[in-house]
Amino acid sequence: MTRISKYFLEEGEEIIVSSSIIYVVGNDAYIKDPDHLSMITILEGKAYWVKDESIVTSTSKYLKLYKIELHVMKQDGTIFSPFEPNKVCPILDELLHIQDSRSFSEHCQFQTKLWKLLGDMTENQPLDDLDHTLRYLSSHVHKNFSVQDLASRTRMTPASFARAFKKKTGVPPKEYLLDNKMKMAKALIVQNKGINIKDVAGQVGIDDEFYFSRLFKKREGISPTIYIKKIQNRVAVVSQLLLQDHLLSIGIQPVAAPMYPSVYPKTNGVPSYLEKPLEGTLLINAEKSISSKEIMTVNPDCIIKTSLHHGEQQALTWTKNKEVHSIDFQNSWIDYLIQIACFFGKEEIVTSIKKEMNHLEQQAKKQLIGVTESGEWAVIWVRDEEIRLYGHTNHACMDLIYQTLGFTPHKGLPESGYIAITVQELLELNPDKLLFLWSTKSAIDKIASNRYWNELNAVKNKEIHIPNSQEWDPWGPLGRKNMIIDLVNYFKEGTTLLNT
């Protein structure tokens, strides 16, 4: 039970307290542990979280303090910064007056006012560095901060803080703070069915909803009212595939969708080209079992689902839900797009997407013709424990590379899928050119130290190609477009990595 007590101590008088927050009002005091092995001076106007059975003793003629007992958590040591007694004492006295009331209403007031007070008292906590500052700002988006306030908390001048902040984030502090508010606003709109603009503005710390609407439109290009209409189809994606790519392509932002934090750690678990379009969407970790309860927190009207790799015991839970629309495995990205578009009555969009993609593919093929037709290629993925050599069909990436863009496959490649090989076996195949996909530098360095490496024709011909392919995933229209553009840009720049 949470309880507040008030004490007046004379010089030399002591009290023993259990784990509590001590707020000192008049004069200073000491806190001693039970064994008297350590002593901390506590100053007027500051609050401290003290250990079990600490002894508080007065050092002056009198000591006035409040004790706030919280049994829900423990945290030893100083946690609060100075807070003016003339602001704190009236609130604590009011709480003392109502804490024993049997009125449910006053009980609620007690809890609300106490936690608000403690929250306000922690607002001015010092910030150790810029990383700490960014974490603090991300959890206090509803608050408004000045550059001067943030600078003082990091013990920097406003000018120095602004320079360091921009160097760290790429944007000035004010722009960063506003950007965070708009991101949170989108999350509130997407994830809370029926929320109104006034409530959204208030929750991001903007009292004027009209001013909020102007800020939102300036950043997003559309008003929050139109943005709300864009998510009237409240669709959640339950899949290990990034089907949000297909939904975004037909103009639907999902309210929940899968993400892979270990694959895309810097962009919220999704490829960078999906990060901005998915702002506001609840991203579910698809590296673990996807919980139906978590999905239902955003009140979807429809759930697009594919078979799950993690524990198909979830199947009964999903099939009982009448809002679930299951999609079987498809052989190509376009088949997924057709199924999803037809379900939402957007078939005409598929035609325009196919036309645009076909044009992009043909343009890329023409630009790459000097690269693709001179010599035979092999595509490998170097992993920690194996080297994967890919076939030239029945794989989304390989179909795009070999079938669509016209790279000439080595005659010794597997027909489809992939096989695990050694560097010596790769030498027996001995392709003219090697394209590394999804491979880390450390993994490539490891095979490049193999004694057979320098005997490869691709190495001798200086045809070892290692593009930044971490986000190459042509299973959706946006991912396919991104991969094609990246691939063309890589070869236009003539980037190769020789004798890694």
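We number each residue from 1, following the sequence as shown.
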Chemist: Are side-chain heavy atoms of W472 and L437 found at a separation under 4.5 Å?
Modeler: yes
Chemist: Closest approach of L188 and Q203, non-hydrogen atoms and distance?
Modeler: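 Where L188 meets Q203 most closely, the heavy atoms are CD2-OE1, 3.5 Å.
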Chemist: With no hydrogens and no angle check, just 3.5 Å: does a side-chain donor-acceptor pair link S103 and S105?
Modeler: no
Chemist: Might you work through the salt bridge (Lys or Arg N to Asp or Glu O under 4.0 Å) test for E209 and K198, ending with a clear yes or no?
Modeler: CA-CA 5 Å; E209 65 179 287; K198 183 178 181 180; 5.2 Å; no
Chemist: Is it the case that the side chain of H359 and the backbone of K355 share a donor-acceptor pair, with hydrogens and angles ignored and the cut-off at 3.5 Å?
Modeler: no
Chemist: For the residue pair F165 and F161, categorise the inter-ring angle as parallel (less than 30°), tilted (30 to 60°) or perpendicular (more than 60°).
Modeler: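 Tilted, since the angle between the ring planes falls between 30° and 60°.
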Chemist: How long is the span from the OH atom in Y490 to the CG atom in L435, to the nearest 0.5 Å?
Modeler: 7.5 Å
Chemist: Kindly indicate whether the side chain of L134, heavy atoms from C-beta on, has any atom under 4.5 Å from the side chain of Y136.
Modeler: no
Chemist: So that I know where these two stand, are F216 and Y211 an aromatic pair - ring centroids less than 6.0 Å apart?
Modeler: no
Chemist: What's the spacing between Q232 CD and I252 CD1 if we round to 0.5 Å?
Modeler: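 Reported value, rounded in 0.5 Å steps: 11.5 Å.
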Chemist: Can you find a pair of side-chain heavy atoms, one from F110 and one from I4, that are under 4.5 Å apart?
Modeler: yes
Chemist: Rounded to the nearest 0.5 Å, what's the gap from CD on Q99 to CD on Q111? Could you check?
Modeler: 10.0 Å
Chemist: Examine distances only and state if a side-chain atom of T306 and a backbone atom of S239 form a donor-acceptor pair shorter than 3.5 Å.
Modeler: no
Chemist: If you round to the nearest 0.5 Å, how far is CZ of R480 from CE of M357?
Modeler: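 Reported value, rounded in 0.5 Å steps: 7.0 Å.
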Chemist: Report yes if the side chains of I304 and F344 come closer than 4.5 Å at any heavy-atom pair, otherwise no.
Modeler: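 Of all side-chain heavy-atom pairs linking F344 with I304, at least one is under 4.5 Å.
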Chemist: Measure the spacing between NZ of K183 and CD of E220 and express it to the nearest 0.5 Å.
Modeler: 10.0 Å
Chemist: Identify the heavy atoms of K217 and S223 that sit nearest to each other, and give their distance.
Modeler: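 Looking at all heavy atoms of both residues, the closest pair is CG-N, 4.0 Å.
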Chemist: Can you check salt bridge (Lys or Arg N to Asp or Glu O under 4.0 Å) on D93 and K6, steps first, answer last?
Modeler: CA-CA 9 Å; D93 286 337; K6 182 162 63 172; 3.2 Å; yes
Chemist: Compare all side-chain heavy atoms of L278 with those of Q244 and state whether any distance is below 4.5 angstrom.
Modeler: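 The answer is yes; the side chains approach within 4.5 Å.
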Chemist: Centre-to-centre under 6.0 Å for Y264 and Y260, is that the case here?
Modeler: no
Chemist: For residues Y7 and K67, is any side-chain donor paired with an opposing acceptor at under 3.5 Å?
Modeler: yes
Chemist: Identify the heavy atoms of Y273 and L478 that sit nearest to each other, and give their distance.
Modeler: CE1-C, 3.9 Å
Chemist: Quick check against the 3.5 Å criterion: does K181 have a side-chain atom that pairs as donor or acceptor with the backbone of K143?
Modeler: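 Answer holds: yes.
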Chemist: Are V350 and I334 close enough, and set up right, to give a side chain to side chain contact (heavy atoms under 4.5 Å, CB included), and what steps lead you there?
Modeler: CA-CA 8 Å; V350 176; I334 194 65; 4.1 Å; yes
Chemist: Which is it for E175 and K166 under the salt bridge (Lys or Arg N to Asp or Glu O under 4.0 Å) test, yes or no, and what are the steps along the way?
Modeler: CA-CA 10 Å; E175 186 177 336; K166 186 173 182 180; over 6 Å; no
Chemist: Under a 3.5 Å threshold, yes or no: a donor from one side chain and an acceptor from the other, between W475 and D245?
Modeler: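 No, no side-chain donor-acceptor contact under 3.5 Å.
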Chemist: What pair of heavy atoms forms the shortest contact from R219 to K276, and how long is it?
Modeler: NH1-NZ, 3.9 Å
Chemist: Do other residues, nucleotides or ligands put more than 12 heavy atoms under 6.0 Å from Q403 CD?
Modeler: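 More than 12 within 6.0 Å, yes.
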Chemist: Would you check if the distance from the ring center of W381 to the ring center of W438 is below 6.0 Å?
Modeler: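 That pair passes the under 6.0 Å test.
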Chemist: Could you walk me through whether M398 and V379 pass the side chain to side chain contact (heavy atoms under 4.5 Å, CB included) check?
Modeler: CA-CA 8 Å; M398 302 312 121; V379 178; 3.8 Å; yes
Chemist: So, the side chain of S291 versus the backbone of K293: is there a donor-acceptor pair under 3.5 Å, distance only?
Modeler: yes
Chemist: Any heavy-atom pair between the side chains of L247 and V237 that's under 4.5 Å?
Modeler: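 Yes - at least one pair of side-chain heavy atoms lies under 4.5 Å apart.
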Chemist: Do P261 and M259 have side chains that approach each other closer than 4.5 Å (heavy atoms only, starting at C-beta)?
Modeler: yes
Chemist: So, does H107 use its side chain to make a donor-acceptor pair with the main chain of D100 at under 3.5 Å?
Modeler: no
Chemist: When you check the side-chain N and O atoms of T2 and E69, is any donor under 3.5 Å from an acceptor?
Modeler: no
Chemist: Give me the atom names and distance for the closest heavy-atom approach of D335 to N331.
Modeler: OD2-N, 3.9 Å
Chemist: Looking at D149 and F145, would you say the former's side chain and the latter's main chain have a donor-acceptor pair under 3.5 Å?
Modeler: no
Chemist: Got a sec: does the CZ of F329 have more than 12 other heavy atoms crowding it under 6.0 Å?
Modeler: yes
Chemist: Using distance alone, with no hydrogens and no angle criterion, decide if N196 and D199 have a side-chain donor and acceptor under 3.5 Å apart.
Modeler: yes
Chemist: Start with the C-alpha gap between H325 and I327, add the side-chain angles, then the distance that decides, and say whether side chain to side chain contact (heavy atoms under 4.5 Å, CB included) holds.
Modeler: CA-CA 7 Å; H325 175 65; I327 297 179; 4.1 Å; yes
Chemist: Do you know the tightest heavy-atom contact between S249 and I353?
Modeler: O-CD1, 3.7 Å
Chemist: For D179 and V171, run side chain to side chain contact (heavy atoms under 4.5 Å, CB included): C-alpha distance rounded to whole Å, both residues' side-chain angles, the deciding distance at 0.1 Å, then the answer.
Modeler: CA-CA 10 Å; D179 193 53; V171 295; over 6 Å; no
Chemist: Keeping the roles fixed (side chain from R234, backbone from V298), state whether a donor-acceptor pair exists under 3.5 Å.
Modeler: yes
Chemist: Does any part of the side chain of V255, heavy atoms only, come nearer than 4.5 Å to the side chain of N299, both counted from C-beta?
Modeler: no
Chemist: Can you check whether Q330's main-chain N or O pairs, donor with acceptor, with Y336's side chain at less than 3.5 Å?
Modeler: yes
Chemist: Say you draw a straight line from CG of N482 to CD of E471; how long is it, rounded to the nearest 0.5 Å?
Modeler: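 Answer rounded to 0.5 Å: 6.0 Å.
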Chemist: Please report the C-alpha distance between D131 and K168 in whole Å, then the side-chain angles of each, then the deciding distance to 0.1 Å, and finally whether the salt bridge (Lys or Arg N to Asp or Glu O under 4.0 Å) criterion is met.
Modeler: CA-CA 9 Å; D131 286 328; K168 178 79 174 179; 2.8 Å; yes
Chemist: Test your reading of the model: is there a side-chain donor-acceptor pair from R388 to the backbone of V382, 3.5 Å cut-off?
Modeler: no
Chemist: Taking the side chain from D129 and the backbone from H132, do they hold a donor-acceptor pair closer than 3.5 Å?
Modeler: yes
